[in-house]
2 protein chains.
Amino acid sequence: MAAKVTIADVARLAGVSRQTVSNVLNSPEVVKEETRQRVLAAVETLGYRVSAAARQMRTGRSRLLAVRIETTEDGMNVFDRWLHGLTEAAERSGYRVLLYTATDDENEIDTIDRLRGEFEPDGYVLTSTHHDDPRTAWLAERDLPFVTFGRPWGATDVGHPWVDVDGAAGTEAATRHFLATGHRRIGFIGWEPGSGVGDDRRAGWSRALSAEGLDTDLDLATDGTLTQGRAAALELTGRGATALVCVSDAVALGALQVTRDVVGFDDTPVAAAVGLSSLGQPLAEVAARCVEMLTGRLSGRPTESHALLSPTLVIRKDPRS
Amino acid sequence: MAAKVTIADVARLAGVSRQTVSNVLNSPEVVKEETRQRVLAAVETLGYRVSAAARQMRTGRSRLLAVRIETTEDGMNVFDRWLHGLTEAAERSGYRVLLYTATDDENEIDTIDRLRGEFEPDGYVLTSTHHDDPRTAWLAERDLPFVTFGRPWGATDVGHPWVDVDGAAGTEAATRHFLATGHRRIGFIGWEPGSGVGDDRRAGWSRALSAEGLDTDLDLATDGTLTQGRAAALELTGRGATALVCVSDAVALGALQVTRDVVGFDDTPVAAAVGLSSLGQPLAEVAARCVEMLTGRLSGRPTESHALLSPTLVIRKDPRS
């Protein structure tokens, strides 16, 4: 076995100082691109390797971003596509994703507290923010770097960076699509009032109708299941609705059994498979922006404080027609 | 801030040696349960924390298991449910899951080689094993601990631990279900021959028919899409098939547009949503066995060499009938 390659060997071959090699490996953003390429070429040529443990002891940086893996029982969830994007974006920035599970907010806080003592992640990416979310205040109090996929709903805003998708803009676009194709009685099938995400999606539908001077009385709340989505669609069409905007693909699938003029939310694989129109979230972009904001903060780079991205309306025809 | 709690403080409170405390933290399986509980209580009481970096420098163990996150473009894939189970099982054994992405086998090998030098995972969990898979031989040559979700198909068997689901047993059960309900002309819609998983699923269907002395001529290969699944179903029913066993839920969804008597494979959320019968994989169990075999090997515990688990036939009625 060859003698162990040192940082001094890399510096010598690249014709730079040891500090510069260290910067390339630990804070690449402070090094000029041309120098960075030369150092990386020397690292490659010599087969130099930095142990993460040794680097962490030296720099206090683990190069780990911790993320909770959510359960996707009904498969209507977009989490796994987002997580894939997050892992790719983190890798491009020299970070790896460390997974953890949690049963609720308090359990997640305990888990983060334990991870902080053990693996010392450099940052945290939280998902599914909601009203009275205790997690963001807890992280902010301890000055732990984090970003959320989901805006701070209401009082829990502690000024942290966040990325979210503009649900209201999406349902507004869906409603306008139906208006443009001649519909006047357009219903909304939502969740029980009180959820940030659900209320936001209802607001866009309501805004589009009000702008045309139309009533917003065709509005029903459900528990989010296909069964209740179908029941709500039966009631709304019975009251004269000719088109339905839905808070999720799950309820939209139920509505689709009643009428073809339905738009869901999330553009899940189920929607694509059965020909359901839906609103797609730009998940790779959301993931990339989360990583950019978090790693920017970690390396002292100026970054946006938040980003609200637009969903895309995907109109599908009945595959059987 | 209080003085830092040391391992000696924990040993004193628990009334054990420092070596025993270290064993509890690093090799819990060598410590008696009663002692382990006493040490953990002392750790809890004193708020003792082990930095992963410090532990890794001392023990050479990172407590990380590395897993590639697969893309699930069509959402017909069961990967995210399995990954959730893996993360939970790893946590119960004191490990965390580190994610990476890869574009193909060679890229995955390069990535593992890089991870090995950087984060030094204690073990690797590989998915989607296939014929002529170069990854398992590469890992075995370097004596890196790993387990695969997927059996070693053919020549690449290097005697590594694996967990898999018995696809042939599943399609055999589906075919017997149709035989028991009076069908005699039962077709199979598969993938092109040559894939380990696909050929295995075809074999179970063929076995069930041959056992009854029935022909196995109603067999078509597809590219795995819904469109080709539908075309294959039209052709097979045209040739007299009254029921269809399918290699995946994706092709089964196409077949479902032609006849109700269809069984898919993987019991995806799409199947549940549209009322498609399917074969479900015991993913939490697969994940738990993967972790058990890998961490067993890591701590020198005797474990099974492999496990072949049975899928479950889920029969659904048309939700609209």
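All values below come from the heavy atoms of this structure, side chains included, with hydrogens, waters and symmetry mates left out. This one's a predicted model, so the numbers in the text were calculated from it and none came from an experiment. Throughout, protein chains are lettered first and strands after them, A, B, ... in sequence-line order, and every chain is numbered starting at 1.
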Honestly, the part of B/E88 sitting under 4.5 Å from a heavy atom of chain A is both

Checking heavy-atom separations under 4.5 Å from chain A, one finds in residues 100-116 of chain B B/Y100, B/T101, B/T111, B/D113, B/R114, B/L115, B/R116

Scanning both residues in full, the closest heavy-atom pair of A/A273 with B/L253 reads CB-CD1, 3.7 Å

Heavy-atom nearest pair, B/L98 first then A/R96, reads CD1-CB, 3.6 Å

Here the gap from B/L64 atom CG to A/L64 atom CG, rounded to the nearest 0.5 Å, amounts to 7.0 Å

Here the gap from B/D80 atom CG to A/L83 atom CG, rounded to the nearest 0.5 Å, amounts to 9.0 Å

